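In what follows, a structure is listed as structure tokens, so that the remarks can point back to it.
All values reported here derive from a predicted model rather than from experimental measurement.
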Amino acid sequence: MATAKKIKLDVRSFQSSWTNDFGFIQQNDRAVCALCCENVVCRTSSVKRHFETKHEKTFKDSADKAEAIKKAVSRYGKQSNVFKNLSASKSNETEASYKLALCIAKHGKPFTDGDFIKAAFLECSEVLFDGITNKHVIISRIKDMPVSARTVERRISEMADNVTQQQTVALTITPVFSVALDESVDINDIPRLAVFARYSDTEVHEELCCLKPMYGTTKGEDILKAFTDHFENRGVDIGERFLQLQRMVLSCGKVLERFVGCFDEIKVFLSEKEDYPELEDGDWIVKLMFLSDITKHLNEFNLLLQGAGKTVLDLYDNWKAFVAKLAIYSTDVETGSFRYFKNLKNLSSMHPVNTSDLQLYMQELKSEFSIRFQDFQHMGPVFSFLIRPDTFKYSDLDTTLFEWMETEELEMQLIDFQASTLWSAKFKDLREILESSKNDHATSILRSWASLPDKFNCMKKVAFALLSAYGSTYQCEQIFSQMKHILSPHRSRLTTDHSEGCVKLKVSKYSPEISTLVKGKQEGQGSH
């Protein structure tokens, strides 16, 4: 130990003398000669041999040697600082170009707007930074910032790939997730498949996984195959952990409401153009008024299913209430009272209304709701487990839904939980919180379940599975609206990958790791 310590001290003392005696400067784990910029191993013999071989005979005496070494070391230090400043400046400019590209993607602007934004920066800088001592440095950095269309395109693609990598890692480690699928046609008449995944970690995530073109047929099995291939190519075993739900009834009540509100004016206008006998047909007008009223109710129901932070329990409660309302609406039509059909009521005050066809439609509507939402009918009672585990009966839980999750101890854990005053009281508090808040119930529920100890791990698995379940394809439908803004008639040549990248950066909760991308780019440049 003493010998090793002595050697270490000797090396340290020699290193301090290398600069004065031989003109060497330490650079990482190498010794660099300030006189010729060559580097050698950090060893006294190597440093001394290099100096004696290449430089010792070039000096007249010791004073000339000391002066030359002093100047060389000073010059090397200044050059090193210049390179460091240039490197830092380049890094800042690169990172700024990433942030500018991210701003362009999130706002759905053309890639060519980078040059426009840079020009605006420069115009403003002349006045905005007037009087600041380093004004020329600021303007110089703005000028050096790479913002060409090609650069912006690369930055957006890299950031979108980075977000996809973060999503893939999260989906790989999360115990359960569900997906919502929907398909629409973009501005170029290309069918596009939107896949959203919902899962929980410290918060409930609803992430756009892909917005891929669907060439050829768009049958259900083709859509599911595309989804499966997308994740399996990224090493995610999806198993049976996904659920595809039927598309919800889209709202058109506002259009019909406007049409009915202007019906008399429309009749006058059209009578001057062409003959439309339907406008004078009593049965046709009755159906129009009924359609306007019932579509308004459907529209209101559709809006209740939309919005961020909705849990499947919220959606089930809204669906259950609407099914009960449908029975009331049906009775309302049969009796001819029209308490919930404003337009029909106004029409019935002027002449009798034949409701035979309307009654048949109401029966078909109730039947359609039962068929389309049969999953809700089957699983509905299970959803209350999310907020009422303290009073939930194990016999009400369909355990076949969770067999793949290894929840054999669920019944025993539920007994222990309900016997615990401490932990069961937590969900009484949760219900009070939910009563006072209208939005983002999912976050409050997640926090309560996440705070439970691991001895209730089977219960937590079931809760996270229910919390991740989708109740509608609202997110997919919303993303298509945003895509139409990005992939517009003025940007119809934007590739599918680029449009997907812009949308993903706009809606994802994950922020691209710009500092990591900049570091990787610098390391890549340094390796060439």
Practice task
For the residue pair Glu158 and Asn162, confirm or rule out a side-chain donor-acceptor distance under 3.5 Å.
Solution key: no
Practice task
Compare every heavy atom of Pro213 with every heavy atom of Ile190, then report the nearest pair and how far apart it is.
Solution key: CG2-CB, 3.7 Å
Handout entry: Nearest atoms (heavy-atom pairs only) where Pro512 meets Leu505
Key = CG-CD2, 4.2 Å
Handout entry: Any side-chain donor near an acceptor of the partner, Asp314 and Thr311, under 3.5 Å
Key = yes
Handout entry: Closest non-hydrogen atom pair, Glu207 against Lys509
Key = OE2-N, 3.0 Å
Exercise for the section: Would you sort out whether Glu280 and Lys267 count as a salt bridge (charged side-chain N to carboxylate O under 4.0 Å, His left out), showing the intermediate values? Expected result: CA-CA 9 Å; Glu280 303 297 336; Lys267 285 174 63 177; 3.7 Å; yes
Practice task
First locate atom CD of Glu153, then atom CG of Leu494, and finally report the distance between them rounded to the nearest 0.5 Å.
Solution key: 9.5 Å
Got a list of side-chain donor-acceptor pairs under 3.5 Å for residues 411-424, not counting sequence neighbours?
| unit_1 | atom_1 | unit_2 | atom_2 | d |
| --- | --- | --- | --- | --- |
| Gln413 | OE1 | Asn457 | N | 3.3 |
| Gln413 | OE1 | Cys458 | N | 2.9 |
| Gln413 | OE1 | Met459 | N | 3.4 |
| Gln413 | NE2 | Lys455 | O | 3.4 |
| Gln413 | NE2 | Asn457 | OD1 | 2.8 |
| Gln418 | NE2 | Pro389 | O | 2.9 |
| Gln418 | NE2 | Phe392 | O | 2.7 |
| Ser420 | OG | Trp423 | N | 3.3 |
| Ser424 | OG | Ser420 | O | 2.7 |
| Ser424 | OG | Thr421 | O | 3.4 |

Practice task
First locate atom CG of Leu386, then atom CH2 of Trp449, and finally report the distance between them rounded to the nearest 0.5 Å.
Solution key: 7.5 Å
Exercise for the section: Check for a donor-acceptor pair, side chain of Lys345 on one end and backbone N or O of Arg339 on the other, with a separation under 3.5 Å. Expected result: no
Completion exercise
Interatomic distance, OG@Ser448 vs CG@Asp429, rounded to 0.5 Å, equals 8.0 Å
Practice task
Count the heavy atoms of every other residue, nucleotide or ligand shown that sit under 6.0 Å from CZ of Phe427, and state whether that count exceeds 12.
Solution key: yes
Exercise for the section: Check whether more than 12 heavy atoms from other residues, nucleotides or ligands sit under 6.0 Å from atom NZ of Lys325, and answer yes or no. Expected result: no
Practice task
Would you confirm whether Thr495, through its side chain, and His498, through its main-chain N or O, come within 3.5 Å as a donor-acceptor pair?
Solution key: yes
Practice task
Quick one: closest heavy-atom pair of Ala442 and Val204, and the distance?
Solution key: CB-CG2, 3.8 Å
Handout entry: Exam field: side chain Gln363 to backbone Ser330, donor-acceptor pair closer than 3.5 Å
Key = no
Exercise for the section: Kindly indicate whether the side chain of Phe464, heavy atoms from C-beta on, has any atom under 4.5 Å from the side chain of Tyr199. Expected result: no
Handout entry: Donor on one side chain, acceptor on other, Thr496 and Arg192, under 3.5 Å
Key = no
Problem - Heavy-atom side-chain proximity of Tyr316 to Val382 below 4.5 angstrom - result: no
Completion exercise
dist Leu211:CG -> Ser499:OG (nearest 0.5 Å) comes out at 6.0 Å
Exercise for the section: Would you check if there is a donor-acceptor pair between the side chains of Asn354 and Ser356 at a distance under 3.5 Å? Expected result: yes
Problem - Test item: Asp293 and Phe338 side chains (from C-beta on) under 4.5 Å apart, heavy atoms - result: no
Problem - Within the 6.0 Å centroid threshold, strictly below: Phe177 and His205 - result: no
Handout entry: Inter-residue atom distance Ser292.OG - Asn299.CG, 0.5 Å rounding
Key = 10.5 Å
Exercise for the section: Take Phe263 and Leu288 through the side chain to side chain contact (heavy atoms under 4.5 Å, CB included) test and state the conclusion after the steps. Expected result: CA-CA 10 Å; Phe263 187 64; Leu288 171 66; 3.7 Å; yes
Practice task
Please say whether more than 12 non-hydrogen atoms of neighbouring residues, nucleotides or ligands are located less than 6.0 Å from CD in Glu265.
Solution key: yes
Exercise for the section: Check whether more than 12 heavy atoms from other residues, nucleotides or ligands sit under 6.0 Å from atom CD of Glu334, and answer yes or no. Expected result: yes
Handout entry: Heavy atoms of other groups near Lys461 NZ, more than 12 under 6.0 Å
Key = yes
Handout entry: Expected output: side-chain Gln167 to main-chain Leu208 donor-acceptor under 3.5 Å
Key = yes
Practice task
Would you please test Leu397 and Leu410 for side chain to side chain contact (heavy atoms under 4.5 Å, CB included) and show each step?
Solution key: CA-CA 10 Å; Leu397 188 66; Leu410 178 60; 3.1 Å; yes
Exercise for the section: First locate atom OG1 of Thr443, then atom CD of Glu203, and finally report the distance between them rounded to the nearest 0.5 Å. Expected result: 7.0 Å
Practice task
Using a cut-off of 6.0 Å, state whether more than 12 heavy atoms not belonging to Glu300 lie near its atom CD.
Solution key: yes
Practice task
Any side chain to side chain donor-acceptor pair (under 3.5 Å) involving residues 103-114? Give me the pairs, sequence neighbours left out, ordered by first then second residue.
Solution key: none
Handout entry: Arg447 vs Leu430, side chain to side chain contact (heavy atoms under 4.5 Å, CB included): CA-CA, chis, key distance, verdict
Key = CA-CA 9 Å; Arg447 287 173 181 168; Leu430 170 64; over 6 Å; no
Practice task
Would you name the heavy atoms of Ile514 and Tyr98 that are closest together and state the gap between them?
Solution key: CG2-CB, 3.6 Å
Exercise for the section: Let me see the working for Asp390 and Arg431 under salt bridge (charged side-chain N to carboxylate O under 4.0 Å, His left out), right down to the final yes or no. Expected result: CA-CA 11 Å; Asp390 50 321; Arg431 291 193 288 273; 3.0 Å; yes
Practice task
Identify which one of Tyr329, Tyr361, Trp284 satisfies the ring-ring contact (aromatic ring centres under 6.0 Å, His included) criterion when paired with Phe290.
Solution key: Tyr361
Practice task
Could you tell me whether a side-chain N or O of Ser437 sits under 3.5 Å from a main-chain N or O of Ile433, the two making a donor and an acceptor?
Solution key: yes
Exercise for the section: Identify the two heavy atoms, one from Met405 and one from Val462, that lie closest to each other, and give their separation to 0.1 Å. Expected result: CE-N, 4.0 Å
Exercise for the section: Check whether any side-chain N or O of Asp396 sits under 3.5 Å from a backbone N or O of Pro381 as a donor-acceptor pair, and report yes or no. Expected result: no
Exercise for the section: Please confirm whether Tyr340 and His297 have ring centers closer than 6.0 angstrom. Expected result: no
Exercise for the section: Tell me, yes or no, whether the heavy-atom count around Tyr394 atom OH, taken from other residues, nucleotides or ligands under 6.0 Å, exceeds 12. Expected result: yes
